[in-house]
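What follows is a short report on a single structure.
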Amino acid sequence: ATFLVDPGDKAGVARAQAAAEELFALATGLGGTITGEHGVGLVKGGRLALQWNEAALGLHEAVKRAFDPKNLFNPGKKLAR
């Protein structure tokens, strides 16, 4: 799920971020993932550690570095941590 908020509403953004963290924790706590058919973009970036162990995180980062050493492909997205 993604929460739509006015980016100028700081309190609304904070509530949406808190709700997203709670949702991610619930989903992974039940054995699910933080994402479904869509990738890990800006909203879910850095949250893969909620569902992957350290070895998987390291492998993900190594593959990213191997294929995109200059971080040109979709920069700032699909971040493991």
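Model, not experiment: these values are computed from the prediction.
- Among pairs with a residue in residues 61-72, those fulfilling salt bridge (Lys or Arg N to Asp or Glu O under 4.0 Å) read E61-R81, K64-D68, at least two apart in sequence or across chains.
- In this structure, the side chains of T28 and T33 stay at 4.5 Å or more apart for every pair of heavy atoms.
- Through direct or relayed side-chain contacts under 4.5 Å between Ile, Leu, Val, Met, Phe, Trp and Tyr, V5 connects to V13.
- Cluster membership check: F67 shares its hydrophobic cluster with L59, using side-chain heavy-atom separations under 4.5 Å among Ile, Leu, Val, Met, Phe, Trp and Tyr.
- A donor-acceptor contact shorter than 3.5 Å is absent between the side chain of Q51 and the backbone of G32.
- Among all heavy-atom pairs drawn from N71 and P75, the shortest one is O-CB, 3.5 Å.
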